[in-house]
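One structure is given below, encoded as structure tokens.
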Protein chains: 2
Amino acid sequence: METNADNVRAQMRKGMLEYCILCILAKREAYASSIIEELKAANLIVVEGTLYPLLIRQKNQGLLTYRWEESTQGPPRKYYCITDKGREQLKDMDSAWQDMVRAIETLRG
Amino acid sequence: METNADNVRAQMRKGMLEYCILCILAKREAYASSIIEELKAANLIVVEGTLYPLLIRQKNQGLLTYRWEESTQGPPRKYYCITDKGREQLKDMDSAWQDMVRAIETLRG
DNA sequence: TTTTAGTACCTTGTATTGCAAAGTATTCAA
DNA sequence: TTGAATACTTTGCAATACAAGGTACTAAAA
């Protein structure tokens, strides 16, 4: 069963994931499983069924591109890379995030 | 038309509103229009059609109660008030929020 | 008295999001 | 050639917020 606190976190995570993906890809290109690992390291649990449609969405919006790369272990990997348009969007998201942080401070203080 | 930056903010706002409502009601009781005003003052634009179902949801979960109060100008107002259960939920949300802030710092840094 | 404006509450239909679950495809080793 | 591991994809569902419209009460103007 899902605890209340889990649900609270799940709700907050919604809408933040696109920002998180761009944050990760702004530093280096990556493929889906490695993105999931990095999110998990930051305590944001995301599953494949969530991430793949999201990457496809961002690619269709021109925020990302990808290239295939052979792997020594298993099938080839789709490495995603942020575009110039993606970096602009990331700037918008940075400022939206900071506004949100300020808004919560205002309400909570 | 809606700008890209507007959409970014709308997405981030999702899942944060329940937290914001509890933040406001933790300080004082309030009715819907005054909650909207306080959110607007924090640069979080929310409309009635969003807020009313949300207040009803939180009331049904036992996080809020309300009482009617006559107004000198216009119809009576429904003043909402946070419950003990609501304050517990608020604690969970505070910690979920701080975890989210830390997660973004980790990813962005 | 009737109408109008202002305030406040509520509902319905819709688009979007993330998730669970299941499916497809490739590689390599047993 | 079968199975395990890895990786990518799709489908159906529940939850969220919003746009748009509706109901109801009060007080002032016509």
Side-chain angles (χ1 to χ4, degrees), chain A residues 1-4 6-22 29-37 39-40 44-61 64 66-80 93 96 100 103, chain B residues 1-4 6-22 29-40 44-61 64 66-80 93 96 100:
Chain A
M1 121 159 201
E2 187 175 68
T3 70
N4 193 323
D6 281 344
N7 189 49
V8 164
R9 278 171 169 71
Q11 288 313 318
M12 278 193 183
R13 199 168 44 227
K14 289 195 182 197
M16 297 301 307
L17 285 182
E18 294 207 17
Y19 180 42
C20 293
I21 303 314
L22 290 186
E29 48 176 21
Y31 68 106
S33 299
S34 63
I35 292 173
I36 289 176
E37 284 309 305
L39 289 172
K40 193 183 291 176
L44 293 167
I45 307 302
V46 176
V47 297
E48 290 185 321
T50 298
L51 185 60
Y52 281 103
L54 197 155
L55 288 170
I56 290 167
R57 209 153 61 220
Q58 291 189 315
K59 193 242 344 170
N60 289 341
Q61 290 172 346
L64 309 178
Y66 66 82
R67 60 182 179 78
W68 287 99
E69 185 170 310
E70 296 299 318
S71 166
T72 56
Q73 288 182 343
R77 296 168 175 173
K78 215 171 181 176
Y79 276 83
Y80 283 91
M93 286 178 155
M100 178 66 74
Chain B
M1 114 152 206
E2 188 174 68
T3 69
N4 193 324
D6 282 344
N7 189 48
V8 163
R9 279 171 168 71
Q11 288 312 317
M12 281 193 182
R13 201 166 44 227
K14 287 196 183 198
M16 297 301 307
L17 284 182
E18 294 208 15
Y19 180 43
C20 293
I21 304 314
L22 291 186
E29 48 176 22
Y31 69 105
S33 298
S34 63
I35 292 173
I36 289 176
E37 283 308 306
E38 182 151 356
L39 290 172
K40 192 183 294 178
L44 294 168
I45 306 303
V46 176
V47 296
E48 289 185 323
T50 298
L51 186 60
Y52 281 104
L54 198 154
L55 289 170
I56 291 166
R57 209 154 61 221
Q58 291 187 315
K59 193 239 349 167
N60 289 339
Q61 290 172 348
L64 307 179
Y66 67 81
R67 61 182 178 76
W68 287 98
E69 185 170 311
E70 297 298 318
S71 167
T72 56
Q73 287 183 343
R77 297 168 176 173
K78 215 172 183 176
Y79 276 83
Y80 282 92
M93 287 179 155
M100 178 66 76

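FYI, side chains are in, hydrogens and waters are out, and symmetry mates aren't considered; it's all heavy atoms of this structure.
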Nucleotide nearest A:E18 when distance is taken to its side chain, options C:dT17, D:dT6, D:dT16: C:dT17
Which nucleotide in C:dA25, C:dC19, C:dA8 has an atom nearest any side-chain atom of B:R77: C:dA8
Would you kindly compare A:Y80 and A:Q11 by the position of their nearest DNA chain D nucleotide and give the one closer to the 5′ end? A:Y80
Distance in Å, B:S34 OG paired with B:E29 CD, rounded so as to fall on 0.5 Å steps: 9.5 Å
Using atom NZ of A:K59 as one end and atom C1' of D:dC8 as the other, report the distance to the nearest whole Å. 13 Å
Atom pair distance, as rounded to whole Å: CD1 in B:I36 and P in D:dA17: 13 Å
Against the side chain of B:Y31, the closest entry in D:dC8, C:dA8, C:dT26 is C:dA8
How is A:L51 classified with respect to the nucleic acid when contacts are heavy atoms under 4.0 Å: base, sugar-phosphate, or nothing? nothing
Using OP1 and OP2 only, check whether a side-chain N or O of A:R13 sits under 4.0 Å from C:dT17. no
Sidechain-backbone polar pair: B:E18 side chain, B:Q58 backbone, donor-acceptor under 3.5 Å: no
d(CD, B:E70; P, D:dT26) in whole Å: 7 Å
Nearest 0.5 angstrom please: A:Y52 OH to A:I36 CD1, how far? 6.5 Å
From CD1 of A:I56 across to P of D:dA7 the rounded distance in Å is 17 Å
Using atom CG of A:L54 as one end and atom P of D:dT9 as the other, report the distance to the nearest whole Å. 13 Å
When we call it a touch if two heavy atoms are under 4.0 Å apart, what does A:S33 touch: a base, just sugar-phosphate, or nothing? sugar-phosphate
CD-CZ distance between B:E70 and B:R77, expressed to the nearest 0.5 angstrom: 11.0 Å
When we call it a touch if two heavy atoms are under 4.0 Å apart, what does B:E48 touch: a base, just sugar-phosphate, or nothing? base
side-chain N/O B:R57 vs D:dA15 OP1/OP2, d < 4.0 Å: no
Taking OP1 and OP2 of D:dT10, is either one under 4.0 Å from a side-chain nitrogen or oxygen of A:Y52? no
With nearest nucleotide decided by heavy atoms, which residue, A:Q73 or B:Y66, maps closer to the 5′ end of DNA chain C? B:Y66
Roughly how far, to the nearest 0.5 Å, is the CG atom of A:L17 from the CG atom of A:L55? 10.5 Å
Atom CD1 of B:I35 to atom P of C:dC9: distance rounded to whole Å? 9 Å
Here's a test of your reading of the structure: between A:P75 and A:V46, which maps to the more 5' nucleotide of DNA chain C? A:V46
Output the distance between atom CE (B:M93) and atom CE (A:M12), rounded to the nearest 0.5 Å. 6.0 Å
What is the distance, to the nearest angstrom, from the CG atom on B:L17 to the P atom on D:dA15? 17 Å
To the side chain of A:K78, which of C:dC10, C:dT16, D:dC8 is closest? D:dC8
What is the separation between atom CD on B:Q61 and atom C1' on D:dT16, rounded to the nearest whole Å? 13 Å
Minimum-distance nucleotide to A:P53 side chain [options: D:dT10, C:dT16, C:dG18]: D:dT10
